[in-house]
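Letters A, B, ... mirror the listed sequences (proteins, then strands); counts begin at 1.
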Protein chains: 2
Amino acid sequence: MGKEKSPTIKDVARIAGVSSATVSYVLNDLNKVTPEVDALVRRVAEELGYSRNNAARALKTGRNNIIGCILPTLTSPVFPEIAQAVQLRAEAHGYATLVIDSGNAPMREERVVRTLAKHGVDGAVALLHPKFKLANPPIFPMVSLDAKFPGLDSVHADHYAGGRLMAEHAIALGHRRVGMLSGFQDLTSSYERRQGFVDAAAGRVELVWEVNVQLVPQLPPEAVAAIRRREVTMIACVNDLVAIAALSVLKDSGMSVPGDVSVFGFDDMQWASWPLIDLTTIRQPLADLGSRATDLLIARLGNRDLPTEDVVLPVTLVERGSTSRI
Amino acid sequence: MGKEKSPTIKDVARIAGVSSATVSYVLNDLNKVTPEVDALVRRVAEELGYSRNNAARALKTGRNNIIGCILPTLTSPVFPEIAQAVQLRAEAHGYATLVIDSGNAPMREERVVRTLAKHGVDGAVALLHPKFKLANPPIFPMVSLDAKFPGLDSVHADHYAGGRLMAEHAIALGHRRVGMLSGFQDLTSSYERRQGFVDAAAGRVELVWEVNVQLVPQLPPEAVAAIRRREVTMIACVNDLVAIAALSVLKDSGMSVPGDVSVFGFDDMQWASWPLIDLTTIRQPLADLGSRATDLLIARLGNRDLPTEDVVLPVTLVERGSTSRI
DNA sequence: TCAGGTCGTTTAATCGTGTAAATAGATAAC
DNA sequence: GTTATCTATTTACACGATTAAACGACCTGA
């Protein structure tokens, strides 16, 4: 039971009777060697259970084959789905993923970026606060999730179209008086969702009240009060988490859903389909978001001079039990 | 705007007028240099914005300062809380965390371990399926989460005590006829939760029916049928996710909670406290689990010859609205 | 005075790869 | 038959850090 050092490229070379350079060429698919040597080297490498030392490769090439994935938090119903997709996709490209949660504070985001840099990520997929200040020059390439970001590639769902879809569905169901729990408007996605709704609703639906709320499952007193005034037949929410908070208040107040009031969410997070919740919502393709962002990032790692690209993914209406015709 | 190479230890050495070895000693806190030189080197490093090249360090030392965190899935209410804690703790120790989801299949777990090895993690915190086969010799140290694992350090909640707590609370509330949705018994935590309950219930509570279910929020037909037979005053569930599925079935069947039947969960996942759900449950300290496991792992990385250690964390009863006195 | 000890610093080797440049061997050109 | 051209392979160095060993300056005690 000796000190089993894991085999190096030199061990492979020695046993195969070639030089280490040849082995390197083979293992990097550089097509520089004859088929016989190629096969021989691969066989020997396989037999020895050789696996490349990433640290050495990183040192030489300056690339670590690691990307970062910065999300506001992991304890949320939506972000882990994105993280999962990023990871899967990155793995397919031969990259590992450092998932890291920023706590949704722009200040902490900047620290997180430095942390990632310290650990040598080649780039990152990030859901950033709009106030985030991009370092200049950028430490590593990033792809912005969920919103355009000046100077970065981005991938996001069509929040504006989603807002319109909500309004149109509300109209189709006969709702004329709607209350809105919108997110704070400094967040691009919250802004666009609201704007889409308002534009499509104009002249056809009255926005009886509106409260800006945090994207968490607890509502501020004004929101609770507004709901309890019973002035509307539908409550349109900036996302599913907020919608669930609204459902809670309604239940507490003895109002039935969708009998007394319909509730509309946004995101289609995993739990929206649970029978206890059963929320009508606008679905954004979370996994696609992650995969596309990862592809974009990897493409950019290959060529930093590409023009920045903004990918917009379509959203869809998912009708469940929390809404009904008036 | 030239090619700004980030400064190396040699740059620092040159500018500070010392050798690179000295810089290395200073930056690794090895207390080998005079205070003046120490201060000088630190100042120069700071001014240059020097940051150590991890790849080079890893190559030389064989340690990457990265740990893995293997979890069955990220899209679950409980695991991300663990991941978050692991990450935070690892960061405090100067380690980055590669969170990776194994899809809960023992086969995939083995692949995941190889993936982590390929990316050079120094060790991992892992929630493993009991059938997982540990490589021999182990590729890197691991700490088992949620259950003891032969040959590994472990950290887990006291599932058995939790089971007893459930039974005792049921008894205190006057319940005598209980149905149980238990998990499959090959999973240690599911087994112990059930065993604790059964032991404490013996002679005082009748287990009217029991169905083994997957740990997901959908129930198999037998379970639905059992619930609809209305033979019990309480349903004890292997975890909160299953409890929520039970709540759904009860709602569908027109039974009120806790009026007609009480429901008891296990885990105290984040959403158990939402007013819509409001689940009485046994709380396991998820964040502590993650932190303790990380500490254990880091300790082991420092000294591989330590005897393996099993840490058991206490659970607590969290009483909410889904249970009541009969 | 000089052998021996301390202490702070430097020298130099090393980790495992990637890759530019050198080389050898075969083929083609004339 | 000599030279030029190409191709497959090897040589040799660099990447940026760590660290054992060497070193020189200073101190100490007989």
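For the pair A:Lys60 NZ and D:dC13 P, the computed distance is 13 Å after rounding to whole Å. For the pair A:Arg14 CZ and C:dG16 P, the interatomic distance rounds to 12 Å; values are reported in whole Å. Computed from coordinates, the B:Leu59 CG to D:dC15 P distance equals 14 Å when rounded to whole Å. The distance between atom CG of A:Asn54 and atom P of C:dC15, rounded to the nearest whole Å, is 19 Å. Atom CG of B:Leu30 is separated from atom C1' of C:dT10 by 16 Å (rounded to the nearest Å). Rounded to a whole Å, the CZ atom of B:Arg63 is 10 Å from the P atom of D:dT19. Taking atom CG on B:Asp38 and atom C1' on C:dG8, their separation rounds to 12 Å, with Å as the unit. One atom, CG of A:Asn53, and another, P of C:dG18, lie 9 Å apart when rounded to the nearest Å.
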For this session: Run the numbers on B:Asp153 and B:Thr308 for side chain to side chain donor-acceptor pair (under 3.5 Å), then give the verdict.
Result: CA-CA 5 Å; B:Asp153 297 308; B:Thr308 67; 4.9 Å; no

Problem set entry | Worked check of side chain to side chain contact (heavy atoms under 4.5 Å, CB included) between A:Phe140 and A:Val121 | CA-CA 8 Å; A:Phe140 47 71; A:Val121 302; 3.7 Å; yes

Problem set entry | Evaluation steps, side chain to side chain donor-acceptor pair (under 3.5 Å), between A:Gln87 and B:Asp101 | CA-CA 9 Å; A:Gln87 186 172 100; B:Asp101 92 36; over 6 Å; no

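A side chain to side chain contact (heavy atoms under 4.5 Å, CB included) with B:Tyr95 is found for one member of B:Leu301, B:Val86, B:Asn64, B:Ile66 and no other, namely B:Leu301. Applying side chain to side chain contact (heavy atoms under 4.5 Å, CB included) to B:Leu145 and the options B:Leu128, B:Val125, B:Leu152, B:Ile70 leaves one that passes, B:Val125. With B:His93 as the partner, the side chain to side chain donor-acceptor pair (under 3.5 Å) test is satisfied by one option alone out of B:Asp295, B:Asn65, B:Thr294: B:Asp295.
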Would you tabulate the nitrogen or oxygen pairs shorter than 3.5 Å linking the protein to nucleotides 9-11 of chain D?
| from | atom 1 | to | atom 2 | distance (Å) |
| --- | --- | --- | --- | --- |
| D:dT9 | OP1 | A:Thr34 | OG1 | 3.1 |
| D:dT9 | OP2 | A:Thr34 | N | 3.0 |
| D:dT10 | OP1 | A:Ser19 | N | 3.4 |
| D:dT10 | OP2 | A:Ser19 | N | 2.8 |
| D:dT10 | OP2 | A:Ser19 | OG | 3.0 |
| D:dT10 | OP2 | A:Thr22 | OG1 | 2.5 |

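In the set C:dG16, D:dG16, D:dT19, the nucleotide with an atom closest to the side chain of B:Thr61 is D:dT19.
Nucleic acid contact for B:Ser24: base, since at least one base atom lies under 4.0 Å from a heavy atom of the residue.
In this model, the phosphate group of C:dG18 is approached by a side-chain N or O of A:Asn28 to a distance below 4.0 Å at OP1 or OP2. Residue B:Arg52 places no side-chain N or O under 4.0 Å from the OP1 or OP2 atom of D:dA17.
What you find for A:Ala83 and A:Val99 is that their closest heavy atoms are CB-CG1, 4.3 Å.
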